[in-house]
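Letters A, B, ... are given to chains in the order of the sequence lines, protein chains preceding strands, and every chain is numbered from 1. Every heavy atom of this structure was used, including side-chain atoms; hydrogens, water molecules and symmetry mates were not.
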2 protein chains.
Amino acid sequence: MKDPLILVIEDEESIRGMLRMALEIAGFECIEADNIQSGHTMIANKRPDLVLLDWMLPGGNGIELLRRLKREDSTKELPVIMLTAKTTEDNMVQGLEVGADDYVTKPFAPRELIARIKALLRRSPGVLQDERMQVGKLILDGESKRIFLGQEILEMGPTEFNLLHFFISHPERAFTRGQLLDRVWGANVYVEERTVDVHIRRLRMALQSASLDYSSIIETVRGTGYRFSSRSVVPAAERFEASGMHSAHWQ
Amino acid sequence: MKDPLILVIEDEESIRGMLRMALEIAGFECIEADNIQSGHTMIANKRPDLVLLDWMLPGGNGIELLRRLKREDSTKELPVIMLTAKTTEDNMVQGLEVGADDYVTKPFAPRELIARIKALLRRSPGVLQDERMQVGKLILDGESKRIFLGQEILEMGPTEFNLLHFFISHPERAFTRGQLLDRVWGANVYVEERTVDVHIRRLRMALQSASLDYSSIIETVRGTGYRFSSRSVVPAAERFEASGMHSAHWQ
DNA sequence: AACCATTGTCATAATTTTGTAACGCAAATG
DNA sequence: CATTTGCGTTACAAAATTATGACAATGGTT
């Protein structure tokens with residue numbers, strides 16, 4: 001999985017440096033801004049997973065930015081940790097009230113900061129996930145992270161699960177290996193394109209149970225890549241029912 | 001078991017937001033009202049398990065609503081926690097006199113609030129604690145805080161008990177280590193994610209008696225976390241019986 | 001104070017999953 | 001047909017992820 005991206009908005013060069021080092025050691029990607037202005041821009045462009053925001057900043061108070069972030073829907077969910085020099089209760093309270101997800105007072109122990117960052121980050125991924133989709137007798141349950149074929153549970157690795165998840169939500173459409181790598185493996189991951197073939201095979205293998213064989217639901221599009229198509233396996237009757245909901249439905 | 005439903009009656013948007021986040025992380029359902037009026041309506045319609053009531057509210061004092069709630073039989077039992085900005089003894093006393101079950105002064109630590117909510121919910125029957133749940137031959141008795149496997153009593157530490165309690169109330173669903181930390185250990189607890197592994201192991205160890213071995217009822221979901229699934233241990237016949245009660249029932 | 005149970009962390013072992021390379025067949029090309 | 005190109009398969013070693021055992025800190029008891 002890709003390293004989480006942390007944006008540090010802090011004007012003091014030395015503190016930024018320390019933070020960058022601590023963050024990178026802990027395995028985070030790190031980008032920096034030294035003022036509200038560029039900080040806001042970076043949030044819009046780089047889409048960080050979390051923001052460390054200094055309380056006092058030139059060109060506008062830090063809490064001002066925080067307020068703006070929590071007001072906009074697009075950034076409302078973005079976790080923000082306030083960095084404050086003062087220990088006064090006032091600041092903390094005000095920060096939390098405006099919507100900071102946590103705050104840390106300088107000087108802070110890097111270890112504690114990292115722990116808090118992790119604590120916040122672990123809440124993020126579970127938001128956009130748990131759906132349930134079905135095509136024919138093939139069911140993908142995002143909650144339990146399982147695949148059912150009829151009554152049986154299919155065993156497969158995480159990558160195959162993600163691949164199937166992507167396919168089942170983008171049916172009847174051909175993707176190149178490159179597209180699959182970008183959208184299933186994630187951008188900026190350098191992996192041989194032919195590796196996709198191997199995972200396609202593993203997925204096909206997994207798509208057969210004792211009684212049913214759905215392996216051909218993933219079709220090869222020669223010269224292009226692969227396509228998930230229910231036409232090849234799902235009987236006509238079921239197909240009609242499913243197609244009405246764009247080949248998948250949730251319950 | 002369905003998550004307890006908490007109603008937050010509070011006019012300040014930012015505080016509501018913070019509360020919602022804290023509550024949801026702690027595993028509660030959350031609905032909100034920004035004034036006495038709609039708050040009262042929601043209590044009647046949604047039947048929350050507990051109410052967080054701000055002291056000062058537009059359209060009628062918060063304590064006014066509290067008084068009304070405690071007067072009516074239908075809502076007399078409904079636990080209410082007052083939120084007050086002032087630390088003055090007066091308010092607190094007045095609130096408790098009118099029948100608030102607890103009160104918390106702002107600024108409050110989310111952790112403390114959650115703890116108090118749980119403490120209150122424990123008292124109301126059938127909501128949080130005193131339940132008895134069963135999956136196969138595994139029985140969790142909330143009152144005695146004991147676990148039975150068939151005839152035997154299983155020994156385990158508090159954390160393992162809580163973990164099992166959480167799992168048994170949320171079966172057939174995969175959780176990340178982070179989610180487990182948030183919901184079993186509590187929000188705002190900074191613990192290494194790997195620690196979950198260790199407790200899972202301890203729980204699995206505990207889940208075997210002399211005659212029965214239920215350790216595999218906790219499945220590891222590679223790349224994600226863990227899942228409590230009765231499929232692996234409970235015979236089909238029993239499974240049917242249990243599933244009808246959503247895999248758990250209480251007395 | 002000594003003891004015991006419980007916890008959170010590490011270090012290390014055990015397993016699974018992943019990415020590649022290699023080989024052979026099948027489908028286009030001409 | 002002979003070639004070339006693309007894909008399916010298999011086998012492996014590297015990389016990730018989990019399981020496990022040990023240990024020190026903590027907190028409560030006796």
Query raised in the report: For Glu152(B), does the CD atom have more than 12 heavy-atom neighbours from other residues, nucleotides or ligands under 6.0 Å away?
Result: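 More than 12 heavy atoms, drawn from other residues, nucleotides or ligands, come within 6.0 Å of this atom.
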Report task. Give a yes or no on whether Met205(B) atom CE has more than 12 heavy-atom contacts from other residues, nucleotides or ligands under 6.0 Å away. Result ->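 Correct, the count exceeds 12.
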Query - Side-chain (Glu193(A)) to main-chain (Thr195(A)) donor-acceptor, under 3.5 angstrom - result: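 Side chain of Glu193(A) to backbone of Thr195(A): no pair is present.
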Query - Side-chain donor/acceptor of Asp213(B) to backbone N/O of Gln208(B), under 3.5 Å - result: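 No: the side chain of Asp213(B) does not pair with the backbone of Gln208(B).
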Measure [atom1]/[X] against [atom2]/[N] and give the value in whole Å, please.
X	N	atom1	atom2	result
Glu193(A)	dA21(C)	CD	C1'	16 Å
Trp185(A)	dT17(C)	CH2	P	15 Å
Arg194(A)	dT20(C)	CZ	P	12 Å
Ile218(A)	dG8(D)	CD1	P	11 Å
Arg227(A)	dC7(D)	CZ	P	13 Å
Asp197(A)	dG6(D)	CG	P	12 Å
Leu163(A)	dT18(C)	CG	P	11 Å
Leu181(B)	dT7(C)	CG	P	14 Å

Query raised in the report: Just to confirm, is there a sub-4.0 Å distance from OP1 or OP2 of dT17(C) to any side-chain nitrogen or oxygen of Thr159(A)?
Result: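 For dT17(C), neither OP1 nor OP2 has a side-chain N or O of Thr159(A) closer than 4.0 Å.
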Query raised in the report: Any side-chain N or O of Thr195(B) under 4.0 Å from OP1/OP2 of dT9(C)?
Result: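 For dT9(C), OP1 or OP2 has a side-chain N or O of Thr195(B) closer than 4.0 Å.
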Query raised in the report: Of Met156(B) and Arg222(B), whose closest DNA chain C nucleotide lies nearer the 5' terminus?
Result: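 Mapping each residue to its closest nucleotide by heavy atoms, the 5'-most match is Met156(B).
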Query raised in the report: Using the benzene-type ring in the case of Trp, are the ring centres of Phe228(A) and Phe175(A) under 6.0 Å apart?
Result: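 No: the rings miss the under 6.0 Å criterion.
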Query raised in the report: Does the side-chain contact (heavy atoms from CB on, under 4.5 Å) test come out yes or no for Ser209(B) and Leu154(B), once each step is laid out?
Result: CA-CA 7 Å; Ser209(B) 68; Leu154(B) 301 183; 4.1 Å; yes
Please classify the nucleic acid contact of [X] as base, sugar-phosphate, or nothing, using heavy-atom distances under 4.0 Å.
X	result
Thr220(A)	sugar-phosphate
Tyr226(A)	sugar-phosphate
Glu160(B)	sugar-phosphate

Report task. Any pair with a residue in residues 186-205 of chain A that passes ring-ring contact (aromatic ring centres under 6.0 Å, His included), sequence neighbours left out, goes on the list, sorted by first then second residue, please. Result ->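 As it turns out, the ring-ring contact (aromatic ring centres under 6.0 Å, His included) pairs with a partner in residues 186-205 of chain A, which skip direct neighbours, are Trp185(A)-His199(A).
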Query raised in the report: Is there a residue in residues 199-212 of chain B whose heavy atoms reach under 4.0 Å of DNA chain C, and which residues are they?
Result: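 Contacts with DNA chain C under 4.0 Å: His199(B), Arg202(B).
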